[in-house]
2 protein chains.
Amino acid sequence: MGGKVGDRRAQLVDAAVDYVAAYGIGDLSLRGLGAAIGVSHRMLIHYFGSKEQLLVEIVRTSEQRQRDLLSRLRREPGVSPIDAARLLWRQLTDPQLANQERLFFEIYGQALRGRPEAVPVLDNLVTDWLEPLVAAEVAAGADPATARNRARLGLATVRGLLLDLLATGDRDGVDAAMEEFLRLYYGSE
Amino acid sequence: MGGKVGDRRAQLVDAAVDYVAAYGIGDLSLRGLGAAIGVSHRMLIHYFGSKEQLLVEIVRTSEQRQRDLLSRLRREPGVSPIDAARLLWRQLTDPQLANQERLFFEIYGQALRGRPEAVPVLDNLVTDWLEPLVAAEVAAGADPATARNRARLGLATVRGLLLDLLATGDRDGVDAAMEEFLRLYYGSE
DNA sequence: TCGCGAGTGTACCAATTGGTACACGGTGGA
DNA sequence: TCCACCGTGTACCAATTGGTACACTCGCGA
């Protein structure tokens, strides 16, 4: 039962992502991680070949978790753009996901620096999220060109306010700014 | 002439910030930095006491450079909010400052992780920039409460689009989204 | 029963790190 | 002139890092 190698690997990488979300990916060491998740650094090398490959898997899995959030967005069929925006906002700012969001920004920063395991995330960082937002805009009647602009703007605003929230912790202030945005975005038409 | 200790220190820290803006602060080593700016790692310790103190000065100086951008904003007396926004946007997205902006996000990421030399930036990350934006809003006739919300929103949007720009490099697409924002922000009243 | 291979631990290695000890040189003041 | 001191280089140290070698155990198939 479940003794397969892949299972063990998957279990390790999952624990590793949790650890990294909590303690950061920057100064991760195999020994520290191993001690935290109950395995020797020797085993991490054994299962993943090298630290770099382990990091690749960590980044990929962390990305996958973000994508799971996204899929919840995408799966709502007839959701209006404003509801999509609110939903996105509420999900991203769930305190339980704070660590995951911090990790997002940390990986982003390292990707900008060219850290090889992190760089690939830059490709999908914007486009992946744009797609469902554009779809919601178009469904709501915007023409495709402005739909793209509006979606891009909405995504950027959400992320900028998330950055604010993580820095200041001022949930009320940031929520108020978000409401102001929604008013501008949907209220004036 | 000019042989004062402080001068040498200041010169070193300035070169260090340039180096860090180009190569990142994450895996900085005294030897690597020293070799790049023409000084032995021994001297960096001599002038700064420890790597940590050097990093503190690097972060502080990098913050100061951001603040210089800010002061140019603040010094415009009767600038309308929309012009302030455009000015801010154009300055932040100047390709010559790309490295500096990357460093901003990198330091932010590390600050979220609790890296001691970076954490202090979180305090002023939002509030410092809010002040002149709020002032511009109030001067343009907004009541103080919504002025604060609008300023916070504008700052977040600018940063979110900057994140997009650094990730995708799609200047045209991001500029278009910015224009869409300005239309919403100022056009509908 | 035997043996083989996967999973694991211990010990080790080379490289890199921040930091220190000490020695040398030059410049300015007594 | 000579002495003190600042700036600098070289050599070194201890700690930590990723990665490897080898030995051991345990379960399963022949």
Side-chain angles (χ1 to χ4, degrees), chain A residues 1-17 19-20 22-62 106-107 110 113-119, chain B residues 1-17 19-20 22-62 106-107 110 113-119:
Chain A
M1 41 117 91
K4 279 198 37 228
V5 169
D7 291 0
R8 182 84 173 118
R9 254 181 74 107
Q11 168 199 340
L12 285 178
V13 80
D14 226 56
V17 171
Y19 177 83
V20 156
Y23 297 103
I25 203 177
D27 50 2
L28 180 73
S29 85
L30 295 182
R31 282 172 171 83
L33 170 63
I37 67 179
V39 86
S40 75
H41 84 284
R42 161 73 175 69
M43 293 315 297
L44 294 173
I45 294 285
H46 179 254
Y47 280 110
F48 298 95
S50 70
K51 182 189 180 183
E52 169 138 352
Q53 281 179 312
L54 170 58
L55 282 179
V56 168
E57 301 242 15
I58 288 176
V59 168
R60 226 163 36 88
T61 304
S62 152
E106 192 189 2
I107 290 178
Q110 309 236 353
R113 278 306 160 198
R115 185 159 175 172
E117 317 92 44
V119 166
Chain B
M1 44 129 77
K4 279 199 39 233
V5 170
D7 291 1
R8 182 84 173 119
R9 253 182 75 109
Q11 169 201 339
L12 285 177
V13 80
D14 227 54
V17 171
Y19 177 83
V20 157
Y23 296 103
I25 203 177
D27 50 1
L28 180 72
S29 85
L30 294 182
R31 282 174 171 83
L33 170 63
I37 67 178
V39 87
S40 75
H41 83 286
R42 162 76 176 67
M43 295 313 299
L44 293 173
I45 294 285
H46 180 252
Y47 279 110
F48 298 96
S50 71
K51 181 189 182 184
E52 169 139 352
Q53 281 179 311
L54 169 59
L55 282 178
V56 168
E57 301 240 17
I58 289 176
V59 169
R60 225 163 37 87
T61 304
S62 152
E106 192 188 2
I107 290 178
Q110 310 237 352
R113 278 304 161 201
R115 185 158 175 174
E117 318 92 42
V119 166

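Chain identifiers are assigned alphabetically (A, B, ...) following the order of the sequence lines, protein sequences preceding nucleic acid strands; residue numbering begins at 1 within each chain. Just so we're clear, the structure is a prediction, and the values are computed from it rather than from any experiment.
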Quick one: side chain to side chain contact (heavy atoms under 4.5 Å, CB included) partners of R115(A), sequence neighbours excluded?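 Listed in chain order: L55(A), Q110(A), E117(A), A118(A).
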
With a non-hydrogen cut-off below 4.0 angstrom, is L54(A) in contact with a base, only sugar-phosphate, or nothing?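 Touches nothing.
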
Give a yes or no on this: more than 12 heavy atoms of other residues, nucleotides or ligands lie within 6.0 Å of atom OH of Y23(A).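 No - once you tally the heavy atoms of other residues, nucleotides and ligands closer than 6.0 Å, there are 12 at most.
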
Minimum heavy-atom separation for S62(B) and I107(B), please, with both atom names.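 Residues S62(B) and I107(B), closest heavy atoms: OG-CD1, 4.0 Å.
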
Minimum heavy-atom distance between V20(A) and I25(A), given as atom pair plus value: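 Of all heavy-atom pairs spanning V20(A) and I25(A), the closest is CG1-CB, 3.7 Å.
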
Measure [atom1]/[X] against [atom2]/[N] and give the value in whole Å, please.
X      : N       : atom1 : atom2 : answer
L44(B) : dT8(D)  : CG    : P     : 11 Å
M43(A) : dA6(C)  : CE    : P     : 12 Å
R42(A) : dT20(D) : CZ    : P     : 10 Å
H46(A) : dA11(C) : NE2   : P     : 20 Å
L28(B) : dT16(C) : CG    : C1'   : 14 Å
K51(B) : dT20(C) : NZ    : C1'   : 17 Å
I45(B) : dA21(C) : CD1   : P     : 13 Å
D27(B) : dG18(C) : CG    : C1'   : 15 Å

For DNA chain C, the residues among residues 29-41 of chain B that have a non-hydrogen atom under 4.0 Å from it: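 Within residues 29-41 of chain B, the residues near DNA chain C are S29(B), L30(B), R31(B), H41(B).
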
How long is the span from the CZ atom in F48(B) to the CD1 atom in I58(B), to the nearest 0.5 Å?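 Taking CZ in F48(B) and CD1 in I58(B), the distance rounds to 7.5 Å.
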
Using 0.5 Å steps for rounding, measure from the NE2 atom of H46(B) to the CZ atom of R8(B).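 Nearest 0.5 Å value for the NE2-CZ distance: 11.0 Å.
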
Check whether any side-chain nitrogen or oxygen of Y47(A) sits under 4.0 Å from OP1 or OP2 of dT8(C), and answer yes or no.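 Affirmative; the distance criterion is met.
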
Is there a side-chain contact between R8(A) and the phosphate of dT8(C), meaning an N or O under 4.0 Å from OP1 or OP2?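 Yes, R8(A) has a side-chain N/O under 4.0 Å of OP1/OP2 on dT8(C).
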
With a 4.5 Å heavy-atom cut-off, do Y19(B) and L28(B) have their side chains touching?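 Touching, per the 4.5 Å side-chain cut-off.
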
